[in-house]
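So the structure is just underneath, and the comments pick up after that.
Chain A is the first sequence line, chain B the second, and so forth, proteins listed ahead of strands; every chain is numbered from 1. No experiment lies behind these values; they were computed from the predicted model shown.
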There are 2 protein chains.
Amino acid sequence: MTTNDVQNVFVALADPARRKIIETLTEVGAKTATQLVPGLEMTRQGVTKHLNILADAGLVTIYQRGRDKYYVLTPEPLEEATLWISAIAARWDERLEALRQFLEDDNETTGET
Amino acid sequence: MTTNDVQNVFVALADPARRKIIETLTEVGAKTATQLVPGLEMTRQGVTKHLNILADAGLVTIYQRGRDKYYVLTPEPLEEATLWISAIAARWDERLEALRQFLEDDNETTGET
DNA sequence: AATATACGCAACCAATTAGTTGCATTTAAT
DNA sequence: ATTAAATGCAACTAATTGGTTGCGTATATT
């Protein structure tokens with residue numbers, strides 16, 4: 001499941017509204033869907049959909065207080081994203097020398113589009 | 001641009017084919033689009049589209065050698081993703097105490113769907 | 001010179017995504 | 001008891017995404 005976990009986390013982080021929710025929950029601690037609506041330009045149901053995606057990634061936990069449903073950040077799954085990235089970075093450092101080899105043989109071109 | 005950068009990086013990382021390309025380039029150093037086709041179950045044009053998205057995020061650089069176009073990883077933009085995540089983690093640690101407060105007042109519910 | 005290989009571009013398609021509206025249900029407040 | 005507030009669920013729409021096919025062009029290879 002670990003491989004699917006990192007997928008869900010990266011998908012969750014790929015949307016600006018969801019990152020903003022994460023930032024807000026980081027600052028405020030706990031909020032309901034309706035409390036999150038102002039600031040995100042979107043209806044409550046839209047916010048709820050994003051919260052569900054965050055919940056699927058394990059990034060929020062829900063605490064129900066009567067009719068209110070408070071969402072709280074669960075940052076642990078972020079670690080999996082960080083691990084994936086740092087594994088790449090680590091292996092990349094090993095490859096740098098071989099890369100230099102490649103570049104010396106060649107004429108370079110700009111990679112910008 | 002920094003805010004848009006992190007958006008492009010997270011979008012790039014959200015697709016499994018693109019993460020696989022990143023992993024392959026990390027191990028092999030440089031490959032052309034057609035060389036990447038076996039292993040990803042997809043046509044060359046499909047691969048090219050993914051490579052363009054990676055290039056938009058600044059995650060690959062292109063070196064042209066005659067008619068061949070070699071893609072090489074540029075891992076620097078990954079740092080922005082890592083920074084975003086670690087900023088969240090850092091602020092989150094500060095909030096933990098306030099959170100404990102919130103949880104004590106309440107009856108908890110499972111956050112799984 | 002002729003053939004083969006690698007790439008670029010554009011149109012197209014199916015599936016997913018982001019968001020909406022509308023309505024029903026549950027819980028709280030007066 | 002009535003009204004108001006918060007959520008849930010489902011159907012629907014528009015835009016984006018992931019991928020394809022079909023072609024033309026540029027560079028190698030024989």
Legend entry - Residue A/H50, side-chain atoms from C-beta onward, closest of C/dA4, C/dA18, C/dC7: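 Selected nucleotide: C/dA18.
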Legend entry - Short side-chain N/O contact to C/dC7 OP1/OP2 from B/T48, under 4.0 Å: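 B/T48 to C/dC7 OP1/OP2: no side-chain N or O under 4.0 Å.
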Measure [atom1]/[X] against [atom2]/[N] and give the value in whole Å, please.
{"X": "B/I62", "N": "C/dA6", "atom1": "CD1", "atom2": "P", "value": "17 Å"}
{"X": "B/K69", "N": "C/dG8", "atom1": "NZ", "atom2": "C1'", "value": "8 Å"}
{"X": "B/R67", "N": "C/dT3", "atom1": "CZ", "atom2": "P", "value": "16 Å"}
{"X": "A/K20", "N": "C/dA18", "atom1": "NZ", "atom2": "P", "value": "17 Å"}

Inset, instruction - Assign each of A/A33 and B/A14 to its nearest nucleotide of DNA chain D by heavy atoms, then name whichever residue's nucleotide is nearer the 5' end. - result: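 Comparing both residues, the 5'-ward one is A/A33.
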Donor-acceptor pairs are to be reported for all side-chain atoms of residues 36-50 of chain B against protein atoms at under 3.5 Å, with residues two or more places apart or in another chain.
| unit_1 | atom_1 | unit_2 | atom_2 | d |
| --- | --- | --- | --- | --- |
| B/T43 | OG1 | B/G46 | N | 3.3 |
| B/T48 | OG1 | B/R44 | O | 3.0 |
| B/H50 | ND1 | B/R18 | NH1 | 3.1 |

Inset, instruction - Quick one: closest heavy-atom pair of B/A12 and B/A57, and the distance? - result: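 Smallest interatomic distance, heavy atoms only, reads CB-CB, 4.0 Å.
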Legend entry - Test side-chain contact (heavy atoms from CB on, under 4.5 Å) applied to B/A81 - qualifying residues, sequence neighbours left out: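 A/I85, B/V9, B/F10.
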Below 3.5 Å, can you tabulate the donor-acceptor pairs from side chains in residues 23-34 of chain B to any protein atom, sequence neighbours excluded?
| unit_1 | atom_1 | unit_2 | atom_2 | d |
| --- | --- | --- | --- | --- |
| B/E23 | OE2 | A/W84 | NE1 | 2.9 |
| B/T24 | OG1 | B/K20 | O | 2.9 |
| B/T26 | OG1 | B/I22 | O | 2.7 |
| B/E27 | OE2 | A/R91 | NH1 | 2.5 |
| B/T32 | OG1 | B/T34 | OG1 | 3.1 |
| B/T32 | OG1 | B/Q35 | N | 3.1 |

Legend entry - Span of DNA chain D in contact with chain B (heavy atoms, under 4.0 Å):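 Range of nucleotides touched by chain B: D/dG18 to D/dA28.
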Inset, instruction - Could you identify which residues of residues 35-46 of chain A place a heavy atom less than 4.0 Å from some atom of DNA chain C, listed by residue number, or say none? - result: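 A/M42, A/T43, A/Q45, A/G46, in order of number.
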Legend entry - A/T74: partners by side chain to side chain donor-acceptor pair (under 3.5 Å), with sequence neighbours left out: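 Listed in chain order: A/T61.
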